[in-house]
Amino acid sequence: MRALDWVIVAVYLVYVLVDGVRRSKGTREIEGYFLAHRSLPWWAVGLSVMATQLSAITLIGTTGQGATDGMRFVQFYFGLPLAMVILGVTLVPFLHGARVFTAYEYLERRFDARTRSLTSFLFLVARGMSCGTIIAAPAVVLSAIFGWGLLWSVALMGVPTVIYTMIGGVQAVTWVDVKQMALIVFALIAVMVTLLVQLPVAPDHALALAGAAGRLRAFDFSFDLTNDFTFWSGLVGGTFLMLSYFGTDQSQVQRYITAKSVDQARSSLLMSAYWKIPLQALVLLTGVLVFVFFVFQAPPLLFNPAAEHAVRAAEPALYGVLDERYRTALRDRETAAHALAAARVRGDREASVASLEAFRAREADVGALRGEALGLARRVTGTSAQDVNYVMPYFVLHFLPVGLIGIFVAAVLAAAMSSIAAELNSLATVTVIDFYRRWVRPQAPDAHYLLVSKAATGFWGLFACVVATFAATLGSLIVVVNRFGSFFYGSILGVFLLAMIPRARATGAFFGLIAGMAAVGVVNFGAPSVSWLWHNVIGAVTVVAVGLGLSARRSSTR
């Protein structure tokens, strides 16, 4: 990074901190600190909802996913529009009208205190782990840029965010999100334009190369429970996940219950329904174009610099031979790519078909050598060697022009801060409202609860930082964060579904929730080949089935 890039990053971070503190006005009562006095406009809430989702994981993990696996991941979001419509007529008016601080407060009114507390506890564990994964994404960038240890990178990212979240509350989080969303979209478009300008072939030829390598396949209609990304897992499993996330996760519920009315809360969610899939497709397509770019610009054998250094030190001769074979394969692939583009320009159909097959064969060779290198890194380091999270940082640092590097890094930090701040705020809210105020000190002045909430924010910030130190080694961060959530979300959704069924009883809800978590645990550890997207369906269906069964049995014994 050059001086201009540093200036851009520094100016943006100072601006965010100052604006976050400035927005803390009116947060001396818990109604203002946690819910902004339920006065925020729908468009600000909607942008905050989207910014919370569009974390640094999206800019790093999802682009890396697009570069290494193509567009298949977009199927994950196919259930989103359906989920938003369902929530708009069910849980949104339900929770907004209940005038609660947290989604789980309602469960005590409907069932009992133990159901509320267990559900709240599961949320805290799930969201605390997910928040750690979100911190890991920018930590990966900082580690790759400066060669710092991951722990120091995590601390540099997490500490400032915790500070402004502690001061500003949900109002500061929301209004900072609005500005951060604008920066993120601008950075994505700027990177996309830069890629198209730097590619030595026309955009249609670039897409032809991506298609030949299987990177443009956006639909998979096979019904395979072991495949993470298919049309059916996205539509069915994705719908359950989105219902759980937007309908029962406090980090999202807290956004829309700050809206002025039920209609405005609905509008804020529909904004995600309209724009999330196109925006996610843009992110994945950016990653696909990065893949095409590396067809013409030789990428490293291992994108993770730490893993590459470890392998070079432990197995220098073996790695050298492997790297030499890789360079030869890259040159052959580039030659085949140029031949395919030239044949398409001439309109020579026969030559195009032959060049296409040659390019696919050379791409397979490159992929096989990368697989060997990743296996070697796994043996040397003793940890997962997947480097999908390092693809985008490598491209940014080595190929983006001065100034745009600073903008992209600022966008990554902005995306991270918006998501981390929202999640820390929701974790503090649940800790204070569902546990401290409910069980420890039911009566206290608002100043006391605000002090406890700020301490809770600090605690969860520390917890998330600890999780972040190992989350970066678990593979694609966008998959990791949703895998964490899917372990819990389906069962939590099941409890809220029971709450809307009149004959459901407290005992059924409590033991149904335990049964749902047990069922997901059995599938996750006993049948790990089953895709994590189906965990949401399994958890929700088990909770509802067991809950209704126990409720009916209890009613019949009275």
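With hydrogens and angles disregarded, a donor-acceptor distance shorter than 3.5 Å links the side chain of S268 to the backbone of A265. Remark: side-chain polar atoms of R441 are not paired, donor with acceptor, to backbone N or O of W439 under 3.5 angstrom.
With sequence neighbours excluded, the residues that form a salt bridge (Lys or Arg N to Asp or Glu O under 4.0 Å) with R438 are E108. In this view, F496 satisfies the ring pair (Phe, Tyr, Trp, His ring centres under 6.0 Å) rule with no residue, not counting sequence neighbours.
Put simply, the side chain of R505 does not reach to within 4.5 Å of the side chain of L550, judged on heavy atoms. Here the side chains of N425 and T429 are in contact, with some heavy-atom distance below 4.5 Å. Using a 4.5 Å cut-off on side-chain heavy atoms (C-beta onward), V100 and R109 make contact. At a threshold of 4.5 Å between non-hydrogen side-chain atoms, the residues L124 and L427 count as touching. Residues M242 and P81 form no side-chain contact, since every pair of their non-hydrogen atoms from C-beta on lies 4.5 Å or further apart. At a threshold of 4.5 Å between non-hydrogen side-chain atoms, the residues R437 and E105 count as touching. The shortest distance between side-chain heavy atoms of F101 and V432 does not fall below 4.5 Å. In this structure the side chain of V162 reaches within 4.5 angstrom of the side chain of L424, judged on heavy atoms.
Taken to the nearest 0.5 Å, the CZ atom of F488 stands 6.5 Å off from the CG atom of L122. Considering CG of D434 and OG1 of T119, their distance stands at 9.0 Å, rounded to 0.5 Å. Expressed to the nearest 0.5 Å, how far CZ of F111 lies from CZ of R116 amounts to 14.5 Å. Atom CG of residue L80 and atom CG of residue L235 lie 11.5 Å apart, to the nearest 0.5 angstrom. For the atom pair OH of Y489 and CG of D249, the computed distance is 3.5 Å after rounding to the nearest 0.5 Å. Atom-to-atom distance recorded for I420:CD1 and I135:CD1 is 4.5 Å, nearest 0.5 angstrom.
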Run the numbers on V543 and L497 for side-chain contact (heavy atoms from CB on, under 4.5 Å), then give the verdict.
CA-CA 9 Å; V543 171; L497 293 175; over 6 Å; no
What verdict does the side-chain contact (heavy atoms from CB on, under 4.5 Å) test give for N536 and L493, after you've listed the backbone C-alpha separation in whole Å, the side-chain angles of each residue and the deciding distance to 0.1 Å?
CA-CA 8 Å; N536 301 282; L493 174 64; over 6 Å; no
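By the 30° and 60° cut-offs, the orientation of the rings of Y77 relative to F73 is perpendicular. Note: H448 and Y436 have tilted aromatic rings, judged against thresholds of 30 and 60 degrees for the angle between ring planes.
Listed here is the closest heavy atom pair of A499 and R110: O-NE, 2.9 Å. Across all non-hydrogen atoms, the minimal contact from L188 to V283 is CD1-CG2, 3.6 Å. Contact record, S491 with G516: OG-C, 3.2 Å, taken as the closest heavy-atom pair. Nearest heavy-atom pair across F240 and V537 is CD1-CG2, 3.8 Å. Among all heavy-atom pairs drawn from V520 and F487, the shortest one is CG1-O, 3.5 Å. Nearest heavy-atom pair across L241 and S486 is CD1-OG, 3.9 Å.
Environment of CH2 in W232: sparse, with no more than 12 heavy atoms of neighbouring residues, nucleotides or ligands closer than 6.0 Å.
No option in S426, S130, C131 other than S426 meets the side chain to side chain contact (heavy atoms under 4.5 Å, CB included) test with S251.
Side-chain contact of Y104 with Q250: a donor-acceptor pair under 3.5 Å is absent, judged by distance alone. S261 and D263 share no donor-acceptor pair across their side chains, judged by distance under 3.5 Å alone.
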